[in-house]
Number of protein chains: 2
Amino acid sequence: MAIQKLTKNQSLVLDALEHAEGPLSAYTILDKLRDHGFRAPLQVYRALDKLLEFGLIHRLESMNSFVACAHPDHHHHHDHGVTAFAICEDCGQVTEMHDAGMEERLSVLAGNQHFKTEKTTIEIRGHCQNCTAE
Amino acid sequence: MAIQKLTKNQSLVLDALEHAEGPLSAYTILDKLRDHGFRAPLQVYRALDKLLEFGLIHRLESMNSFVACAHPDHHHHHDHGVTAFAICEDCGQVTEMHDAGMEERLSVLAGNQHFKTEKTTIEIRGHCQNCTAE
DNA sequence: GCAATTGATGTAATAACATTACGTCAATTT
DNA sequence: AAATTGACGTAATGTTATTACATCAATTGC
């Protein structure tokens, strides 16, 4: 797929996510971007939709929030395979993980049901190494 | 763990989910139970919380809704391992899947990060066999 | 060039999902 | 009988997401 130039709003939202410590909700992004002229949720949601489409960000379903992709290809938006997220409930840090074996198992499971997969969500909630050590 | 007697509200909510075609949102449940005296969201959410705790229902994170567990043990609430859900975007049908290989991969992934897993969400969105055939 | 289409934007209003706060009541414990 | 606990009821509010409608700039087709 060809290079994708981002619009101003899309760049602002992506920037906010890339510079954030962890995942942000749409409304948190909105607040961060008020100084840049954002006034309404839709401005954020529209940008998020496009960024998701381009594969530059991910949505974390279990916490209604968004993170910048850990290994974005800014020139060609691509399909990473299935991504699993480890989400620390203490510090909020999110780790992206990829695993061929995992994809294989999911593929088999779906195949058993003759199910046609469109999108797969894998989110592991728990405690990261730092927050486990006491 | 010992047998768990459900309260009236919990039974009503569980019943609604068990008799539903597919997943229900909390507010849909509320509407279904208005005739039984439900007036406020909290009545539903409190029951849902307990039913989740007892392992009698599941929450589908990607659609903010709830389903009755496919193989409940009404006498001893138990820990099924990881459950993967295949969710049909056409008909709404949800299939529960379990797989030891998948759990193993997840366990390895988490282990690699020294991550302590509390809860794992796996949701596959797509099209079921019926809805794929045209 | 100019009309038509397309895609991004702005704004307001509303819908959908979830929680906090506060008070009551019944059962159990001490 | 007092204290604790857990379920319940109600209201208000907080949070997340979408619908509806209008404007504007860029592109396309004639």
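Here is how names work: the chains are called A, B, and so on, in the same order as the sequence lines, proteins then strands, and each is numbered from 1. Worth saying up front: this structure is predicted, and the values here are computed from it rather than measured. FYI, side chains are in, hydrogens and waters are out, and symmetry mates aren't considered; it's all heavy atoms of this structure.
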TODO: May I ask you to verify if any side-chain N or O of B:Gln43 is less than 4.0 angstrom from the OP1 or OP2 atom of D:dG9?
DONE: yes

TODO: Return the stacking result for C:dC17 and B:Tyr27: yes when the ring centres lie under 5.5 Å apart and the planes under 30°, no otherwise.
DONE: yes

Task: Distance, rounded to the nearest Å, where B:Asp49 contributes CG and C:dT20 contributes C1' - done: 14 Å

Might you list the N or O atoms of the protein lying below 3.5 Å from N or O atoms in nucleotides 21-24 of chain D, with each pair's distance?
none

TODO: Please confirm whether B:Phe85 and B:His58 have ring centers closer than 6.0 angstrom.
DONE: yes

Task: Pair A:Glu123-A:Ser62, side-chain donor/acceptor within less than 3.5 Å - done: yes

- [ ] Please report, rounded to the nearest Å, how far the P atom of C:dG7 is from the CG atom of A:Leu6.
- [x] 17 Å

Open item on the list: From C-beta outward on B:Thr7, which listed nucleotide comes closest to its side chain: C:dA8, D:dC8, D:dT10?
Closed with: D:dC8

Open item on the list: Ring-plane angle category for A:His98 and A:His71, please: parallel below 30°, perpendicular beyond 60°, tilted otherwise.
Closed with: tilted

Open item on the list: Please determine whether a side-chain nitrogen of the Lys or Arg among B:Glu89 and B:Arg125 lies less than 4.0 Å from a carboxylate oxygen of the Asp or Glu.
Closed with: yes

Open item on the list: OP1 or OP2 of D:dA7 versus the side-chain N and O atoms of B:Lys50: is any pair under 4.0 Å?
Closed with: yes

- [ ] Could you tell me the separation between the CZ atom of A:Arg39 and the P atom of C:dA8, rounded to a whole number of Å?
- [x] 22 Å

Open item on the list: Between C1' on C:dG10 and CG on A:Leu30, what's the gap in Å once rounded to a whole number?
Closed with: 13 Å

Open item on the list: Please determine whether a side-chain nitrogen or oxygen atom of A:Asn64 lies at a distance below 4.0 Å from atom OP1 or OP2 of C:dA18.
Closed with: no

